Amino acid sequence: MTGRRVDAHHHLWQTSVRRHAWLDGDETATIRRDFTPADLRAAAEGIDATVLVQVLPDLDESVEFLATAAAEPLIAGVVGWLDLTGSPARDLERLRSAPGGELLTGIRHLVQAEPDPRWLEREDVLAGLAAVRDAGLVYDLLVLPHQLPAATAAVRALPDLTFVLDHLAKPPIASGELEPWASGIATLAREPNVVAKLSGLVTEADREHWTAADLRPYAETALAAFGPDRLMLGSDWPVCLLAGTYAEVMNAAESLLDGLSPAESDAVRGGTASRVYGLAS
């Protein structure tokens, strides 16, 4: 491995500053605390750059993340949030003009939480996505397998917007099932304006007993569908701590790249993320 190592997907949060209702359950008790840039630096040993991704549907959080990134050299880009169905152009201007606004690389919405499986096909949503495109940003897709058809429709409707599929659409790793997820991934990957993240997989597996072998069929499906030049690695830290340490998760992910050439491995480990998110070196 000779290239830059990029963690293309991680979070930060301060429960002492902003309420995180999603952390209220017993299942997430171990990560119900503040996670700061200092914690990130301590965890991300050997990583050259990271992409900080929004947690809450809250524009103020995104403004704060940009300022955090401006003050933390390890964070090279921010994927923020805005209301696609509200006033996206106005919100984009606010984000771009905020301290650290030059580090805004993309936008994401928690589509997985939308009850309408075709939410991404709505006209107002597509108009918001067009505003993201016009701002020269990428759009992170956070969807579940049953939402892949709508994601594919949105990708086709906006061929000049780059989409980044988070967590491979959260495949059912714990059950060991591949279909219909794999077919949905293959269909989506036929669209050239989509790339994907090998991220968030360990928390979809058996969190107590997972191994890299459990993840391999899903990684191999993604590699076959997207190829190394359209895949990137992400830790999903600190959410990944529900299943393993930062090092365990990233080492497992890199082990899934065995068999790739050095150039292909370098693409997944950092080259794709640097190119797609426009990360400064």
Side-chain angles (χ1 to χ4, degrees), residues 1 3-16 20 22-56 65 68-69 72-79 140 142 164 166-176 196-220 222-223 231-258 260 265-266 268-270 272-273 279:
M1 181 179 64
R4 184 189 197 194
R5 291 185 72 198
V6 176
D7 178 352
H9 195 106
H10 74 87
H11 308 286
L12 298 171
W13 57 74
Q14 290 183 278
T15 57
S16 57
H20 287 255
W22 68 281
L23 290 173
D24 286 348
D26 292 341
E27 185 180 67
T28 55
T30 57
I31 57 171
R32 193 183 307 128
R33 63 175 180 86
D34 290 0
F35 287 91
T36 68
D39 296 316
L40 173 67
R41 287 194 303 273
E45 185 177 355
I47 299 296
D48 299 306
T50 73
V51 177
L52 172 58
V53 180
Q54 65 85 217
V55 181
L56 300 175
F65 277 1
T68 297
E72 174 49 61
L74 184 60
I75 301 173
V78 173
V79 174
D140 269 36
L142 179 62
V164 181
D166 289 351
H167 312 329
L168 296 185
K170 297 193 170 184
I173 299 173
S175 71
K197 293 180 185 178
L198 288 172
S199 62
L201 301 184
V202 294
T203 46
E204 300 305 316
D206 181 333
R207 295 180 181 181
E208 297 293 328
H209 306 291
W210 67 272
T211 67
D214 299 326
L215 313 180
R216 187 170 296 279
Y218 303 90
E220 289 179 346
L223 278 164
L231 281 177
M232 58 184 82
L233 291 185
S235 66
D236 199 27
W237 178 91
V239 179
C240 72
L241 298 177
L242 296 172
T245 67
Y246 190 104
E248 287 170 342
V249 170
M250 291 298 275
N251 288 341
E254 293 200 2
S255 76
L256 301 174
L257 308 181
D258 293 346
L260 297 184
S265 294
D266 283 347
V268 182
R269 289 181 170 115
T272 301
L279 304 181

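Positions are given from 1 along the sequence. Since we're looking at a predicted model, the values are computed, not measured.
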Of all the heavy-atom pairs spanning [X] and [Y], show the shortest one and how long it is.
X	Y	result
Leu168	Ala196	CD2-CB, 3.9 Å
Leu233	Ala253	CD2-CB, 3.9 Å
Met250	Gly234	SD-C, 4.1 Å
Ser235	Val249	O-CG1, 3.8 Å
Ser16	Asp34	OG-OD2, 2.9 Å
Trp13	Ile31	NE1-O, 3.4 Å

Could you list the residues that satisfy side chain to side chain contact (heavy atoms under 4.5 Å, CB included) with [X], not counting sequence neighbours?
X	result
Ala44	Leu40, Ile47, Leu74, Tyr246
Arg207	Glu27, Thr203, Leu242, Ala243
Thr245	Ala247, Glu248

### Query
Is it the case that more than 12 heavy atoms not belonging to Asp258 sit under 6.0 Å from its CG atom?
yes
Any heavy-atom pair between the side chains of [Y] and [X] that's under 4.5 Å?
X	Y	result
Lys170	Leu142	yes
Val51	Met232	no
Glu72	Thr50	no
Leu201	Pro171	yes
His10	Leu12	yes
Val55	Phe35	no
Leu215	Ile173	yes
His167	Val239	no

### Message
My understanding is that only residues two or more places apart in sequence, or in another chain, count here; which of them pass side chain to side chain donor-acceptor pair (under 3.5 Å) with Asp206?
### Response
none
### Stepwise side chain to side chain contact (heavy atoms under 4.5 Å, CB included) test for Leu256 and Leu198
CA-CA 10 Å; Leu256 301 174; Leu198 288 172; 5.6 Å; no
Rounded at 0.5 Å granularity, tell me how far [atom1] in [X] sits from [atom2] in [Y].
X	Y	atom1	atom2	value
Leu56	His20	CG	NE2	4.5 Å
Ile75	Asp7	CD1	CG	10.5 Å
Arg4	Arg269	CZ	CZ	15.5 Å

### Stacked cation flag Arg216 on Tyr218, 6.0 angstrom / 45 deg
no
### Task
Determine which pairs satisfy salt bridge (charged side-chain N to carboxylate O under 4.0 Å, His left out) with at least one residue from residues 231-246, sequence neighbours left out, and list them in order.
none
### Message
Please list all pairs meeting ring-ring contact (aromatic ring centres under 6.0 Å, His included) that have one or both residues in residues 198-217, counting only residues at least two apart or in different chains.
### Response
none
### Message
Working note: Val53 + Phe65, criterion side chain to side chain contact (heavy atoms under 4.5 Å, CB included); need CA distance, chi angles, decisive distance, verdict.
### Response
CA-CA 9 Å; Val53 180; Phe65 277 1; over 6 Å; no
### Query
Can we say Asp48 and Arg5 salt-bridge, meaning some charged N sits less than 4.0 Å from an Asp/Glu carboxylate O?
no
### Query
Does Lys197 reach the main-chain N or O of Ala8 with its side chain, forming a donor-acceptor pair under 3.5 Å?
yes
